[in-house]
Every structure is written in structure tokens, then in C-alpha cells.
Amino acid sequence: MKHDDVVAALKVISEKGMAINISKDDLQDLRLYNLIEVAKGAEKERSPACILTKKGRVMLKANLKPKP
């Protein structure tokens, strides 16, 4: 995943609380980097419920552009 893709995925997860339109491979990458946690029992769902870890929240906040 490219950096912009990671930030976009983190933004979707933070807003919706679910991994909507994110592939299984991309979710696995986000989990490997400890950016998200998938809810127990939801790993096999099409759009599993996810939350950002502290590292994920920090990365998202650092990469969001401030609104003018």
C-alpha cells in the first residue's frame, strides 16, 4: 500500500468504524503495522468492525491536512 492509501483507509475506519471498501490484503497490512485492531469474531466478514490503535490515530492526525 502507498502512504496515501494507508491514510485514506485509516480515515474511513475512523469515520465509519468499519473497513468499508478495503481489501483483505490491505487490512492485513494495516494489522501488521499495528495501525488497526479488528473486532474479535469479525475477521472473516466482508466489512469487519475495526478501531484505530494509538499508533494509527497518531499517524492519521499527523497526515490530515488542516482545514483553512
Side-chain angles (χ1 to χ4, degrees):
M1 288 179 81
K2 293 181 182 178
H3 179 76
D4 294 336
D5 297 334
V6 171
V7 173
L10 292 176
K11 186 174 181 184
V12 168
I13 291 171
S14 71
E15 291 174 352
K16 308 279 186 193
M18 300 185 79
I20 299 172
N21 295 327
I22 301 173
S23 71
K24 297 275 185 193
D25 293 333
D26 291 345
L27 279 176
Q28 187 65 27
D29 288 344
L30 293 173
R31 287 179 63 197
L32 285 174
Y33 293 121
N34 296 324
L35 298 174
I36 64 167
E37 290 181 10
V38 179
K40 290 187 180 184
E43 294 91 358
K44 299 193 185 235
E45 292 181 14
R46 192 171 120 196
S47 295
C50 299
I51 59 169
L52 297 179
T53 61
K54 182 176 181 180
K55 185 177 177 181
R57 289 190 305 268
V58 169
M59 182 176 179
L60 180 64
K61 186 175 180 181
N63 287 289
L64 288 180
K65 297 184 170 115
K67 295 180 182 176

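The model shown is predicted, which means the values in this text are computed figures rather than measured ones. Positions are given from 1 along the sequence.
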* Structure fact -> Hits for side chain to side chain donor-acceptor pair (under 3.5 Å) against Asn63, two or more places apart or cross-chain, chain-then-number order -> His3
* Asked: Under the side chain to side chain donor-acceptor pair (under 3.5 Å) test, which residues partner Ser23, sequence neighbours left out?
  -> Asp26
Pair up each side-chain donor or acceptor in residues 14-22 with any protein partner under 3.5 Å, not counting sequence neighbours, and list the distances.
unit_1 : atom_1 : unit_2 : atom_2 : d
Ser14  : OG     : Leu10  : O      : 3.4
Ser14  : OG     : Lys11  : O      : 2.9

* Dump the intermediate steps for side-chain contact (heavy atoms from CB on, under 4.5 Å) on Asp25 and Gln28, then the final yes or no. => CA-CA 5 Å; Asp25 293 333; Gln28 187 65 27; 5.6 Å; no
Enumerate donor-acceptor pairs with a distance under 3.5 Å from any side-chain N or O in residues 52-60 to protein atoms, sequence neighbours excluded.
unit_1 : atom_1 : unit_2 : atom_2 : d
Thr53  : OG1    : Asn34  : O      : 2.5
Thr53  : OG1    : Leu35  : O      : 3.3
Thr53  : OG1    : Gly56  : N      : 3.3
Lys55  : NZ     : Tyr33  : O      : 3.2
Arg57  : NH1    : Leu52  : O      : 3.2

* May I ask whether Met1 and Ile36 are part of the same hydrophobic cluster, defined by side-chain heavy atoms of I, L, V, M, F, W, Y residues being less than 4.5 angstrom apart, directly or through others? => yes
* To do: With rounding to the nearest 0.5 Å, note down the distance linking CD in Glu37 to CD1 in Ile51.
  => 4.5 Å
* Asked: Are any of the side-chain heavy atoms of Val6 and Asp29 separated by less than 4.5 Å?
  -> no
* Listed partners of Ala39 passing side chain to side chain contact (heavy atoms under 4.5 Å, CB included), at least two apart -> Ala42, Ala49
